[in-house]
Amino acid sequence: TRMDVAKQALRMAANHINPSNHIGLMTFSDTIRLDLPLGPADGHYVSRFVGAVNQVQPSGNTFTSSALVAALHHMLEYQARLGYPVKLRIILMSDGKQERDQLHPNRALNVIEGLHVPVYGIAFSKGADKQAMQDFAEASESSAHVIDADGEDAPNQIKVLVRTVA
């Protein structure tokens with residue numbers, strides 16, 4: 001399934017996360033869940049990240065805008081708790097179009113533009129709203145982009161993206 005491909009890609013990419021980075025996992029459908037709060041990407045936390053990825057299950061609608069704003073909020077709170085600035089980045093993975101989200105994409109775009117946090121998109125199906133993902137990427141930073149990971153090369157593409165983001 002598309003979810004299996006996405007999970008496999010994330011597990012493989014986890015091995016290439018720079019240990020000086022911080023990682024977390026937030027999933028979204030018609031609800032938004034913080035599956036793994038942000039933490040240092042040391043070996044132990046990467047193992048926890050992989051465990052959280054393994055637990056992800058597909059469900060419901062696609063509340064992309066709300067999920068992005070929730071992720072930004074969590075990242076800013078985390079940075080405030082740390083007491084020093086960290087390089088903030090979002091990797092947005094989706095296999096669908098935004099549906100029934102109460103937060104209009106333009107509102108999320110305004111937040112992303114204001115905070116200058118790059119959003120890198122990974123589209124996992126032909127049904128993914130690649131244009132919306134591209135809009136989020138362009139609003140955040142000119143070097144952010146969207147990759148089409150709807151195929152067997154998805155793990156390698158995501159590994160390259162993870163190295164690029166670091």
- line: ring pair (Phe, Tyr, Trp, His ring centres under 6.0 Å) pairs touching residues 22-75, sequence neighbours excluded, are His22-Tyr78
statement: d(Met26 CE, Leu92 CG) to nearest 0.5 Å is 12.0 Å
- request: Starting from the C-alpha separation in whole Å, work towards a yes-or-no answer on side chain to side chain contact (heavy atoms under 4.5 Å, CB included) for Leu115 and Met75.
  value: CA-CA 11 Å; Leu115 294 174; Met75 290 168 37; over 6 Å; no
field: Euclidean distance, Thr31 OG1 relative to Asn61 CG, rounded to 0.5 Å
entry: 10.0 Å
- line: Rounding to 0.5 Å, atoms CD1 (Ile23) and CG (Leu36) come to a distance of 6.5 Å
message: With heavy-atom distances below 4.5 Å as the criterion, would you say the side chains of His16 and Val160 are in contact?
response: no
message: Count I, L, V, M, F, W, Y as connected when their side-chain heavy atoms are under 4.5 Å apart, and connections chain through other members. Are Met12 and Leu161 then in the same cluster?
response: no
task: Locate the shortest heavy-atom distance separating Ser94 from Thr62; write the atom from each residue and the value.
output: OG-CG2, 3.7 Å
task: Before giving the answer on side chain to side chain contact (heavy atoms under 4.5 Å, CB included), spell out for Lys87 and Asn21 the whole-Å C-alpha distance, their side-chain angles and the decisive distance to 0.1 Å.
output: CA-CA 8 Å; Lys87 190 162 116 175; Asn21 288 347; over 6 Å; no
- prompt: Only one of Asn106, Val119, Leu109 clears side-chain contact (heavy atoms from CB on, under 4.5 Å) with Asp135; which?
  reply: Leu109
message: Could you measure the distance from the CG atom of Leu38 to the CG atom of Leu82? Nearest 0.5 Å is fine.
response: 8.5 Å
field: Straight-line distance of Asp30 CG to Arg100 CZ, nearest 0.5 Å
entry: 9.0 Å
task: Check side-chain hydrogen bond (donor to acceptor under 3.5 Å, both in side chains) between Ser47 and all other residues, then give those that pass, not counting sequence neighbours.
output: none
- request: Report the C-alpha distance between Ile112 and Leu72 in whole Å, list the side-chain angles of each, state the deciding distance to 0.1 Å, and finish with yes or no for side chain to side chain contact (heavy atoms under 4.5 Å, CB included).
  value: CA-CA 8 Å; Ile112 292 165; Leu72 287 164; 3.9 Å; yes
Leu76 and Leu88: CA distance, side-chain angles, deciding distance, side chain to side chain contact (heavy atoms under 4.5 Å, CB included) verdict: CA-CA 9 Å; Leu76 292 172; Leu88 302 175; 3.9 Å; yes
Heavy-atom check, side chain of Phe136 versus side chain of Ile90, under 4.5 Å: no
message: Quick test of your reading: applying salt bridge (charged side-chain N to carboxylate O under 4.0 Å, His left out), list the pairs with at least one residue in residues 107-117, sequence neighbours left out, ordered by first then second residue.
response: none
message: Tell me if the CZ atom of Arg81 is crowded by more than 12 foreign heavy atoms within 6.0 Å.
response: yes
field: Straight-line distance of Met93 CE to Lys7 NZ, nearest 0.5 Å
entry: 11.0 Å
- prompt: Just by distance, do the side chain of Asp101 and the backbone of Ser65 share a donor-acceptor pair under 3.5 Å?
  reply: yes
Distance-only polar pair, side chains of Gln8 and Asp4, donor-acceptor under 3.5 Å: no
